[in-house]
Undergrad: 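One structure, pasted below without further comment.
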Amino acid sequence: MEQFAHVFSHITLEDALGMTLRSAIIILITATVAHFLTKLITRIFKNDGNPVTETSLFINTGRVVVWGVGIYVLLKAVFNIDASAIITALGVGGIAISLGMQDTLSNLIGGVQVTLLGLIKPGDNVEINGQTGVVQDVGWRHTTISNPAGETITVPNSILSKNALVQLPPAQRVRIPFAISDDGGMGVDEIVSEISKRAQAAALAVCEIEGDPDVKFTEITEYGFKGRVFITMAEANPANSLAIIDGVIRSIAPLTRGHHE
C-alpha cells in the first residue's frame, strides 16, 4: 500500500493523462487477447479430433490467466509496482484466503478431472448423486444439468469425484418400467404386442418417434414379471419425455393387472 501512496503523491496532471492513456492501451490489448483466446479455445474444442469437450471451465480459466497477466503488466508499466511484492506482503492473510477457498479449489479440480478424463460432457444424459438430467455445462464450481421436468440443477464438481456417476441412455430415449402381476390369460408375445401398440399410440399423441417401441422383460418375480418400454423421440425434449411417460403408463396400466380393456 505504501507503494501506491508513494506513486500517487507525486503525480502531476501531465503524468495522470499519460498514465490514463497507457492504462487504456493495456486494458484494450488485454481485452482483445482475452477475446481472441476465447475464440481459439472454442475452435480447438469444436475440432472433431479433439477428445476434450468444450466447457466454460477452460474458457473462463483462459480469461482469468490473460487478465491476471494484464493487471500485472498494468501495475508494473504504469505504476511501477511489483505485484509479486504485494502478494508476498499479504502473508498470513493470503494463507487465510487460501484456506477459505478450499471448497472452491476442490470444485475446480473436480471439474478439470471430469472434463479432461471425458467422464461427462454437455449433452450427456446422466444421474449424479440421485439427480437425473442432461448436462448443460461444466463450470468452475458447478456442473449444470437440466432434468426431465425442465428444471436446472447445479451439482458441485467435488461431488462428481466422490459419488457414483451413471451414464444413462440418450435424452431422447425414454424408459418406462412396468410390472405385470396377472397376464389375464394372454401369452407373453401377446402382452408384448399389446404393450407396444398402446405405447406407440400414446407416444405419437405427444410427438414424433423413431421406430416402434421396444418392450423388454427384465425380471421374473413371484407375482409375475417386470420389464421396460423404450421409446426414442425424434428430438430430445424434457417436456415431451414426461408427457410420453405419463401417456404410456396410463395406456398400459390395465395390462399390468390383467384388466385388458
Side-chain angles (χ1 to χ4, degrees), residues 34-35 37-67 98 101-177 203 206-211 214 216 218 228-246:
H35 174 73
L37 179 63
T38 299
K39 284 192 170 184
L40 176 62
I41 293 175
T42 301
R43 181 175 298 180
I44 291 174
F45 282 129
K46 286 185 177 179
N47 189 331
D48 293 336
N50 182 33
V52 181
T53 306
E54 176 190 2
T55 63
S56 64
L57 174 64
F58 292 106
I59 292 175
N60 289 333
T61 300
R63 286 173 178 164
V64 168
V65 171
V66 171
W67 279 102
S98 65
M101 294 182 64
Q102 280 185 341
D103 287 342
T104 299
L105 293 174
S106 177
N107 287 324
L108 175 60
I109 293 172
V112 172
Q113 285 179 335
V114 299
T115 303
L116 291 180
L117 294 176
L119 298 180
I120 59 172
K121 60 184 182 297
D124 283 354
N125 192 28
V126 299
E127 180 179 338
I128 304 172
N129 199 31
Q131 301 290 347
T132 302
V134 178
V135 177
Q136 302 299 312
D137 186 34
V138 180
W140 280 3
R141 290 183 56 85
H142 303 95
T143 291
T144 306
I145 64 176
S146 178
N147 67 11
E151 301 168 332
T152 299
I153 302 171
T154 55
V155 181
N157 290 334
S158 57
I159 289 180
L160 300 179
S161 58
K162 298 177 182 177
N163 294 271
L165 172 66
V166 182
Q167 287 281 359
L168 302 175
Q172 64 264 33
R173 189 167 171 81
V174 182
R175 305 180 301 166
I176 304 103
V206 177
C207 66
E208 292 294 324
I209 63 174
E210 297 179 355
D214 188 16
K216 299 292 186 184
T218 59
R228 292 178 181 175
V229 181
F230 295 92
I231 297 175
T232 303
M233 299 184 293
E235 294 183 4
N237 185 312
N240 287 344
S241 175
L242 279 180
I244 287 177
I245 293 173
D246 177 73

Undergrad: Once rounded to the nearest 0.5 Å, what's the spacing between atom CE of M233 and atom CD of E210?
TA: 10.0 Å
Undergrad: Any donor-acceptor pair under 3.5 Å linking the side chain of D246 with the backbone of A243?
TA: no
Undergrad: For residues 169-177, which side-chain donor-acceptor pairs fall under 3.5 Å, sequence neighbours excluded?
TA:
residue, atom, partner, partner atom, Å
R173, NH1, T232, OG1, 3.3

Undergrad: Can you tell me if Q167 has over 12 outside heavy atoms packed within less than 6.0 Å of its CD?
TA: yes
Undergrad: Considering all heavy atoms of both residues, which atom of N157 and which atom of H142 are nearest to each other, and what is their separation?
TA: OD1-C, 3.3 Å
Undergrad: Report the C-alpha distance between L165 and V126 in whole Å, list the side-chain angles of each, state the deciding distance to 0.1 Å, and finish with yes or no for side chain to side chain contact (heavy atoms under 4.5 Å, CB included).
TA: CA-CA 7 Å; L165 172 66; V126 299; 4.1 Å; yes
Undergrad: Quick one: are S146 and E151 in side-chain contact, heavy atoms under 4.5 Å?
TA: no
Undergrad: What residue among D137, I153, V135 forms side chain to side chain contact (heavy atoms under 4.5 Å, CB included) with T143?
TA: V135
Undergrad: With rounding to the nearest 0.5 angstrom, report the CG to CD1 distance, L168 to I128.
TA: 9.5 Å
Undergrad: Which pair of heavy atoms, one from C207 and one from N240, lies closest together, and at what distance?
TA: CB-ND2, 3.8 Å
Undergrad: Supply the atom-to-atom distance R63 CZ to T38 OG1, rounded to the nearest 0.5 angstrom.
TA: 4.0 Å
Undergrad: Indicate the atoms forming the closest heavy-atom contact of I145 with T132, along with that distance.
TA: CD1-C, 4.2 Å
Undergrad: State the CD-OG1 distance between Q136 and T154, to the nearest 0.5 angstrom.
TA: 12.5 Å
Undergrad: Classify the side-chain pair T218/R228 by whether it contains a donor and acceptor separated by less than 3.5 Å.
TA: no
Undergrad: How close do A34 and V66 get, heavy atom to heavy atom, and via which atoms?
TA: N-CG1, 3.8 Å
Undergrad: Roughly how far, to the nearest 0.5 Å, is the CD1 atom of I120 from the CG atom of N125?
TA: 12.0 Å
